[in-house]
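Accompanying notes for the structure given below.
Because the structure is predicted, anything quoted here is derived from the model rather than measured. Each chain gets a letter, A, B and so on, in the order the sequences are listed, and its residues count up from 1.
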There are 2 protein chains.
Amino acid sequence: MTDSEYGQRTETLQEPTPPVARDAVARGIDRGAIVTVYGRCTVDYDGRATSYLEAGDRHLMLKPDGAALVHTDEGQQPVNWQPPGCDHAVGCADGELVVESLRSTPDERLAVRFSEVLQVSAFSGTDENDLALTGTEEDLRQRILEEPTLLENGFTPLATERDTPAGAVDIYGEDAAGRAVVVELKRRRVGPDAVSQLRRYVDALERDLHADAAVRGILVAPSVTDRAGRLLTEHGLEFVSLEPPAE
Amino acid sequence: MTDSEYGQRTETLQEPTPPVARDAVARGIDRGAIVTVYGRCTVDYDGRATSYLEAGDRHLMLKPDGAALVHTDEGQQPVNWQPPGCDHAVGCADGELVVESLRSTPDERLAVRFSEVLQVSAFSGTDENDLALTGTEEDLRQRILEEPTLLENGFTPLATERDTPAGAVDIYGEDAAGRAVVVELKRRRVGPDAVSQLRRYVDALERDLHADAAVRGILVAPSVTDRAGRLLTEHGLEFVSLEPPAE
DNA sequence: TGATGGATGTCGGTT
DNA sequence: AACCGACGTCCATCA
């Protein structure tokens, strides 16, 4: 039922007793493995908020970086979790397997109590490669910097991440008439929040450059919602429809 | 090595051949189980963006609601995923196990190709219970509605989720002098975005109630950042420090 | 189905 | 350690 010889890349136990499960989990954590436990459990969380989950069958994953995830059979998001950097502890109490993940700053505690353990697994392996992702806001920025005319004729980018009292502007530049232009980029359709963000930057830059300077604000995104479009008009801001490159 | 009798709550195979793995995954999906695969794989994603991940050892989880998660040994978030509502398909190609998850609106495709399958598991179970969570924004709202004096003496809540052209206001009410008050709630320390949000609501309500009416805007949160504090002052908005109740 | 805003958001960069 | 904004954000709610 197990393949627990030293050096194996996986080690799995079916319906172990709590002490056996505890030792397997502890050994997996020690070896730097991804450890999973499936079984009937309750979950306590206390930290930034507080939660409790009554008994049910769930899947717990403990990662060597200190992350913990409790998954039910629904949803992309775990029902409970702990971020990387936590310390995992495992033990038996009242004949149950108990897994705890703790961290400080902020003080947070996750406790999973298994009344029944159906399976414990430990997975060791290597993963050297990083994800290659395209279609991000950064890609959209590159596209505009390489071909500023996409924004409008005569636009000249002068800086990216230009600092203002309100934060860093995505692209700062000049139009054909020499007016200052603030560009805010979004990789997808935007709502009111993006308009407010652009507005903050334009306001801040107008103060920074002295009161006389009128600063143009251009929102670049695939599209805007109705309300966002109205907000743009109200605030005298502009919109240019552009998407991140497909690849 | 397996406990695949019909009706078992878990079914696990160690190092199955691709066709055997394929059948186990298909059977697990059919039964409405949570299916996991651990092994060496590459991951292709195409949809709202595009990504590719070179070979490495990873953990794939397929949920009966159509969600798919690819986890490495690091991070709380999956390196690749597909949201609930997808169709999972499994097959063999070039002697490899291939799992695909597809959806439309938007069109998105996730493909995981295993050059080596170390373990396949299927977990069946029941989970009737919902998470009980406290310390949310909703709890903060309840706290204020029950004791409006926490906000300020003489405050009278008149509505929650009051609609304005800019969206729904968390709490709408009147102060002791009968002036309209817009309250924006945040469960934790806030930055500039929350201030802009409150500003949009105050603006919208002032227009809605006619130009003469001065509307007060109060941000309620545990604390604000420096920049947010400055923005509040600039916009003539107020701040009251309150947290969600501890339990 | 789309819009809107909350979230124990998480994550990365920078100060 | 805090601040800030992006994210293939996810997610519930409501129109």
Check your understanding: If we take the C1' atom in both dA7(C) and dC7(D), what is their distance in whole Å?
Key -> 14 Å
Check your understanding: Using atom P of each nucleotide, how far apart are dC11(C) and dC11(D) to the nearest Å?
Key -> 15 Å
Show every donor-acceptor pair shorter than 3.5 Å between a side-chain atom in residues 188-195 of chain B and any protein atom, with sequence neighbours excluded, or say none if there are none.
unit_1	atom_1	unit_2	atom_2	d
R189(B)	NH1	S223(B)	OG	3.0
R189(B)	NH1	V224(B)	O	3.2
R189(B)	NH2	V224(B)	O	3.3

Review point. Between H71(A) and K63(B), do the side chains contain an N or O donor and an N or O acceptor separated by less than 3.5 Å?
Key: yes
Check your understanding: Run the side-chain hydrogen bond (donor to acceptor under 3.5 Å, both in side chains) check on E108(B) and Y45(B) step by step: do they pass?
Key -> CA-CA 8 Å; E108(B) 291 194 298; Y45(B) 158 73; 2.5 Å; yes
**Study point:** Where protein sits on nucleotides 2-10 of chain C, one letter per nucleotide: B base, S sugar-phosphate only, - none, heavy atoms under 4.0 Å
**Key:** -SSSSSBSS
Point to revise | Lys/Arg-Asp/Glu bridge criterion (N-O < 4.0 Å) met for R113(A), D44(A) | key: yes
Check your understanding: Is R216(A) salt-bridged to D175(A), cutoff N-O under 4.0 Å?
Key -> yes
Review point. Is R141(B) salt-bridged to D170(B), going by a charged N under 4.0 Å from an acidic O?
Key: no
Check your understanding: Rounded to the Å, how far apart are H71(B) NE2 and dC11(C) C1'?
Key -> 14 Å
Check your understanding: Does any non-hydrogen side-chain atom of E174(A) lie less than 4.5 Å from one of L158(A)?
Key -> yes
Check your understanding: Once you round it to whole Å, what is the distance between P of dA12(D) and CD of E161(B)?
Key -> 17 Å
**Study point:** Distance-only side-chain donor-acceptor flag, Q197(B) / K186(B), under 3.5 Å
**Key:** yes
Check your understanding: Based on Watson-Crick and G-U pairs with both distances under 3.5 Å, what dot-bracket line describes DNA chain C 5' to 3', crossing pairs as [ ] and inter-strand pairs as |?
Key -> |||||||.|||||||
